[in-house]
There are 2 protein chains.
Amino acid sequence: MPIAQSHARGPRWRRRPEVRPQQILEAAFRVFGTRGLHQATLDDVARAAGITKGTIYLYFPSKADLFTAMLKARVNRIMPPVDVPKGGPGPVTTRDRLCTLGRRLYRFFCSPAYLAMYRTLISEAPQFPEATAHFYREGILQANQRLAEVIRQGISAGEFREVNPIIAARAFVGMFQIFAVSQGLLGGQRLYPIPETRIVRTVTEIFLSGLLISGAGASRRRPARGSR
Amino acid sequence: MPIAQSHARGPRWRRRPEVRPQQILEAAFRVFGTRGLHQATLDDVARAAGITKGTIYLYFPSKADLFTAMLKARVNRIMPPVDVPKGGPGPVTTRDRLCTLGRRLYRFFCSPAYLAMYRTLISEAPQFPEATAHFYREGILQANQRLAEVIRQGISAGEFREVNPIIAARAFVGMFQIFAVSQGLLGGQRLYPIPETRIVRTVTEIFLSGLLISGAGASRRRPARGSR
DNA sequence: TTTTATTAACTAACTGGTCAGATACTTGGA
DNA sequence: TCCAAGTATCTGACCAGTTAGTTAATAAAA
């Protein structure tokens with residue numbers, strides 16, 4: 001059931017050799033992400049792409065190859081862009097920037113697209129070690145580098161104490177991710193009776209207090225009673 | 001290929017109705033954990049249990065039921081025991097206890113058994129929502145409660161500032177988990193060129209500095225140069 | 001001898017991958 | 001501008017391999 005032809009006299013299908021690969025990769029992402037690689041059939045993917053299974057094999061030699069190609073195509077969407085103004089940080093402190101970043105990270109990690117990608121990656125990693133390693137190197141570690149750069153700036157500016165920024169950045173991500181994954185994949189229907197804003201605020205507080213130089217003050221945004 | 005019978009005159013197999021279920025669950029955990037639920041066949045499980053597939057169906061009505069039963073049987077092994085001496089904390093500070101705990105947590109998260117369980121849970125969660133929710137409630141949240149209790153003691157003792165202990169505990173876990181999962185599932189062969197001890201030390205430092213009341217000092221165990 | 005746990009061979013359904021043929025588009029001649 | 005021959009793209013039926021689940025036969029125990 002390709003291109004709908006209910007209306008008058010459309011062709012049963014169209015030749016679209018330029019867009020097919022992208023179309024298929026997009027469908028593969030959606031279908032693999034929701035059903036899982038082994039539960040999803042190529043007929044599912046084809047249907048989602050509006051074509052039939054045979055067409056997939058014109059562009060990808062096997063299901064496994066389609067999967068790894070999909071991973072490659074997604075490699076730079078694993079984290080939202082971390083805008084790092086390399087020049088003067090201007091009037092805004094690194095502390096403030098991390099607050100904003102935390103909120104954005106958490107939102108992103110909660111998105112179905114991220115959760116699907118995370119699930120897919122975790123699930124299939126052992127069976128696709130090279131593809132996974134590539135994704136890890138080019139996607140995850142790159143993103144972490146950009147995040148670490150922010151922390152590094154905070155250290156240079158004298159705001160933060162000296163910690164390994166790579167480790168700190170990854171830990172920052174880990175804190176948000178565990179909540180997002182718990183909620184999105186495991187908890188489902190609000191098993192955690194904690195509102196998002198409180199999670200983001202508390203986590204950011206802990207992390208910032210852990211990095212800020214003592215006496216630079218302002219580890220809490222509002223009186224401590226709020227975080228209880 | 002059930003019970004080995006190479007030595008003289010053993011019976012070809014034994015009737016073991018009492019131990020079979022446990023045996024099967026144990027094998028299911030190993031096989032599902034390594035191959036993944038859909039890649040692992042029931043013949044694989046049977047072979048691992050030293051029986052044949054038919055026997056599995058004497059004790060479990062279907063593959064899905066075997067899987068959920070396996071989850072239930074594993075529910076209280078999701079985290080290492082957190083010994084919380086409810087009585088007087090004695091001479092040891094909560095700070096010290098968290099240091100030890102961090103190391104133990106990280107080691108545990110790096111273990112193949114934990115990683116297999118994590119992978120399994122993440123992979124199959126959408127297809128077994130009730131079983132997952134049960135595991136989450138009875139296993140993960142319980143363990144987090146025990147961990148939160150430690151933090152709560154630190155707050156009562158005046159060591160830590162007031163934060164939501166549930167959130168803090170989960171964040172603590174999240175920091176270690178992301179490193180363990182990256183290393184164990186994604187990175188594989190040491191893509192992270194950071195030694196374990198440094199990860200554990202830095203993460204614990206950040207977390208403790210984030211909780212300790214300023215001026216209670218000792219946010220770093222050794223001069224800051226070590227963490228660069 | 002009877003009971004019951006276990007096996008091993010079986011079936012039915014599913015799915016990755018193939019390919020012959022059908023169909024949309026292109027080109028060039030009139 | 002129209003049309004026919006040619007080609008690239010796509011389909012759908014098919015095959016071969018795999019596996020969850022069944023069951024008749026068998027062997028251990030009672």
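Lettering of chains follows the sequences in order, A, B, ..., and the numbering in each one begins at 1.
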Take the protein atom [atom1] of [X] and the nucleotide atom [atom2] of [N], then report the distance between them rounded to whole Å.
X      : N       : atom1 : atom2 : answer
I56(B) : dT22(D) : CD1   : C1'   : 14 Å
L58(A) : dG21(C) : CG    : C1'   : 14 Å
R47(B) : dT6(C)  : CZ    : P     : 18 Å
I51(A) : dT9(D)  : CD1   : C1'   : 11 Å

Give every pair of a protein N or O atom and an N or O atom of nucleotides 26-28 of chain D that lie under 3.5 Å apart, one pair per line with the distance.
unit_1: dA28(D); atom_1: OP1; unit_2: R12(B); atom_2: N; d: 3.3
unit_1: dA28(D); atom_1: N3; unit_2: R15(B); atom_2: NH1; d: 2.8

Report task. Please check if atom CZ in R104(A) has more than 12 non-hydrogen atoms from other residues, nucleotides or ligands closer than 6.0 Å. Result ->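 Enclosed.
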Query raised in the report: Angle class for the Y118(B)/Y118(A) ring planes (parallel below 30°, perpendicular above 60°, tilted otherwise)?
Result: perpendicular
Query raised in the report: How would you list, by chain and number, every residue that makes a ring-ring contact (aromatic ring centres under 6.0 Å, His included) with F60(A), sequence neighbours excluded?
Result: none
Is the closest side-chain heavy-atom distance between [X] and [Y] below 4.5 Å?
X       : Y       : answer
T132(A) : L185(B) : no
V150(B) : F172(B) : no
L42(B)  : L66(B)  : yes

Report task. Given side-chain hydrogen bond (donor to acceptor under 3.5 Å, both in side chains), test T41(A) with D44(A) step by step and report yes or no. Result -> CA-CA 5 Å; T41(A) 71; D44(A) 291 333; 3.2 Å; yes
Report summary line: Protein-proximity profile, nucleotides 13-18 of chain C, B/S/- by nucleotide at the 4.0 Å heavy-atom cutoff, equals --SBBB
**Report entry** Residues R119(A), E124(B); criterion salt bridge (Lys or Arg N to Asp or Glu O under 4.0 Å); working and verdict
**Finding:** CA-CA 9 Å; R119(A) 188 170 92 92; E124(B) 312 304 339; 5.7 Å; no
Query raised in the report: What is the nucleic acid contact for F60(A), judged by heavy atoms within less than 4.0 Å: base, sugar-phosphate only, or nothing?
Result: nothing
Query - Below 4.0 Å: OP1/OP2 of dC10(D) and any side-chain N or O of T55(A) - result: no
Requested in this report: Look at R20(A) and dC10(D) and indicate whether a side-chain polar atom (N or O) is within less than 4.0 Å of OP1 or OP2.
Outcome: yes
